[in-house]
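Let me begin by presenting the structure, written as structure tokens, before commenting on it.
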2 protein chains.
Amino acid sequence: MADSCRVETALEILVGKWKPVILFHLFSSGTMRFSELQKAIPDITKKMLTAQLRELEYHDIVHREIYLQIPPKVEYSITEYGKKMTPLLQAMNDWGMAHVEHLNELYGKDQSVESFEVNDELVGK
Amino acid sequence: MADSCRVETALEILVGKWKPVILFHLFSSGTMRFSELQKAIPDITKKMLTAQLRELEYHDIVHREIYLQIPPKVEYSITEYGKKMTPLLQAMNDWGMAHVEHLNELYGKDQSVESFEVNDELVGK
DNA sequence: CGGTATCCCCGCTGATACTG
DNA sequence: CAGTATCAGCGGGGATACCG
């Protein structure tokens, strides 16, 4: 735990209602157009998709490739630097899965940690 | 990255303006009274301290020991299960530190990722 | 001492419409 | 197609006061 705590720095990048799902899709599919992301995440609005992508872009996690053509085409992908997040995301994912199990043991199977609609979405894709 | 994404589960537990700082102090000091946490985190209100501690307690990360006496005494500590979060917190902390460096390289030293007041607080303790 | 109870504000998110 | 602009709602968080 050392003498300081930058956990919040990591949180800042990931926090945002749709960032984990966006990252999940980009990590899985490699490169996706704006409209492909929209299709993959039906409930997100253009406004939010744009906003969250811009934040990830600012943090050099996501790359935005613009093709100057009509109609426009924009592709998003994980940067090389962004790929270094994989172990962290993996660790969070693993801990999250174990924690769901733990909560089930504590409170019973019917309990939810909320916000699982996001996962339903992934399942239904 | 597997076929599902429980990253958000991990985020839920940590998200909350004061949870990382609270965890930092409890991990560092072992056991702390309510008032000690207040002193360690001057800007937090009783309401928020209580709320965030209750959430951590619900998730079995923090244990709440009540001493039935006048004046009241309540001690908070990390549960055994909670201690299993250490590697995750460490990973997030490490990534966070590296990311601050990365942002400095990209945008210059003066840039901030915001919310560093929390750290100032820790430094000033 | 260790909390609740109330009231309030602001910023994230959503819905909808418009545009190059 | 890939956005921006505008308006509106809701809830996390803050300030303050009170309580066993």
Side-chain angles (χ1 to χ4, degrees), chain A residues 8 11-23 25-26 29 31-59 62-77 112-118 121, chain B residues 8 11-23 25-26 29 31-59 62-77 112-118 121:
Chain A
E8 19 244 325
L11 285 173
E12 280 175 56
I13 318 310
L14 276 328
V15 166
K17 186 168 178 183
W18 305 97
K19 282 183 197 166
V21 213
I22 291 172
L23 288 176
H25 284 293
L26 289 179
S29 306
T31 294
M32 295 178 82
R33 298 185 59 170
F34 188 84
S35 51
E36 290 178 314
L37 280 166
Q38 273 194 97
K39 268 169 237 157
I41 315 169
D43 287 349
I44 199 173
T45 62
K46 294 175 176 187
K47 177 186 164 188
M48 283 313 298
L49 182 52
T50 305
Q52 309 260 301
L53 282 168
R54 291 293 144 83
E55 287 183 43
L56 291 169
E57 188 189 357
Y58 171 83
H59 284 283
V62 160
H63 173 67
R64 180 164 174 250
E65 185 75 32
I66 308 159
Y67 296 86
L68 288 173
Q69 59 181 55
I70 306 279
K73 174 177 170 182
V74 179
E75 285 186 340
Y76 293 91
S77 56
S112 106
V113 200
E114 277 102 69
S115 86
F116 271 359
E117 320 79 51
V118 184
E121 206 163 88
Chain B
E8 19 243 326
L11 285 173
E12 280 176 55
I13 318 311
L14 277 328
V15 167
K17 185 168 177 183
W18 306 97
K19 283 182 197 167
V21 212
I22 292 172
L23 289 177
H25 285 293
L26 288 180
S29 306
T31 295
M32 294 177 82
R33 297 185 60 170
F34 188 86
S35 50
E36 290 179 314
L37 281 165
Q38 274 194 98
K39 268 169 238 159
I41 314 168
D43 287 348
I44 200 173
T45 61
K46 294 175 176 186
K47 177 188 165 188
M48 284 313 298
L49 182 53
T50 305
Q52 310 258 305
L53 282 169
R54 290 294 144 84
E55 287 182 42
L56 292 169
E57 188 189 358
Y58 171 83
H59 284 284
V62 160
H63 174 68
R64 180 165 174 250
E65 185 75 33
I66 308 159
Y67 297 86
L68 289 173
Q69 59 181 55
I70 306 281
K73 175 178 170 182
V74 180
E75 285 186 340
Y76 293 90
S77 56
S112 106
V113 200
E114 277 102 69
S115 86
F116 270 359
E117 321 80 51
V118 185
E121 205 164 87

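Per chain, numbering begins at 1; letters A, B, ... match sequence-line order.
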Pairwise 5' ranking along DNA chain C for Q38(B) and P72(A), keeping only the more 5' one: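 Nearest-nucleotide comparison on DNA chain C picks Q38(B).
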NA contact type, [X], heavy-atom cut-off 4.0 Å: base, sugar-phosphate, or nothing?
X      : result
P71(B) : sugar-phosphate
Q69(A) : nothing
E75(B) : nothing

Shortest non-hydrogen contact from [X] to [Y]?
X      : Y      : result
Y76(A) : L26(A) : O-CD2, 3.5 Å
K73(A) : E75(A) : CE-OE2, 3.5 Å
M32(B) : A40(B) : CE-CB, 4.0 Å
P72(A) : R33(A) : O-NH2, 3.4 Å
L56(A) : I13(A) : CD2-O, 4.1 Å

Is there a side-chain contact between [X] and the phosphate of [N], meaning an N or O under 4.0 Å from OP1 or OP2?
X      : N       : result
R33(A) : dA2(D)  : yes
R54(A) : dG3(D)  : yes
Y76(A) : dC1(D)  : no
K47(B) : dG12(D) : no
S35(A) : dC1(D)  : no

Roughly, in whole Å, what's the span from [atom1] in [X] to [atom2] in [N]?
X      : N       : atom1 : atom2 : value
E65(A) : dG3(D)  : CD    : C1'   : 17 Å
L68(A) : dA2(D)  : CG    : P     : 13 Å
L11(B) : dG12(D) : CG    : P     : 16 Å
Q52(A) : dT4(D)  : CD    : P     : 14 Å
L37(A) : dC1(D)  : CG    : C1'   : 13 Å
R64(A) : dC1(D)  : CZ    : P     : 17 Å

Hey, is R54(A) close enough to E57(A) for a salt bridge, meaning N to O under 4.0 Å? yes
Judged by atom type as modelled, is there a donor-acceptor pair below 3.5 Å linking the side chain of Q52(B) to the main-chain atoms of K19(B)?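 Yes; at least one donor-acceptor contact below 3.5 Å.
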Side chains of [X] and [Y]: does their closest heavy-atom pair fall under 4.5 Å?
X      : Y      : answer
L23(A) : L14(A) : yes
R64(A) : I66(A) : yes
L37(A) : H25(A) : yes

Which residue lies toward the 5' end of DNA chain D, K46(B) or E55(B), if each is placed at its nearest nucleotide? E55(B)
Determine to 10° how strongly the helix from dC1(C)-dG20(D) to dG20(C)-dC1(D) is bent, judged from the axes of its five-pair ends.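 Nearest ten degrees gives 50° for this helix.
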First and last nucleotide of DNA chain C touching chain A, 5' to 3', heavy-atom cut-off 4.0 Å?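 Listing 5' to 3', DNA chain C meets chain A from dT13(C) to dG20(C).
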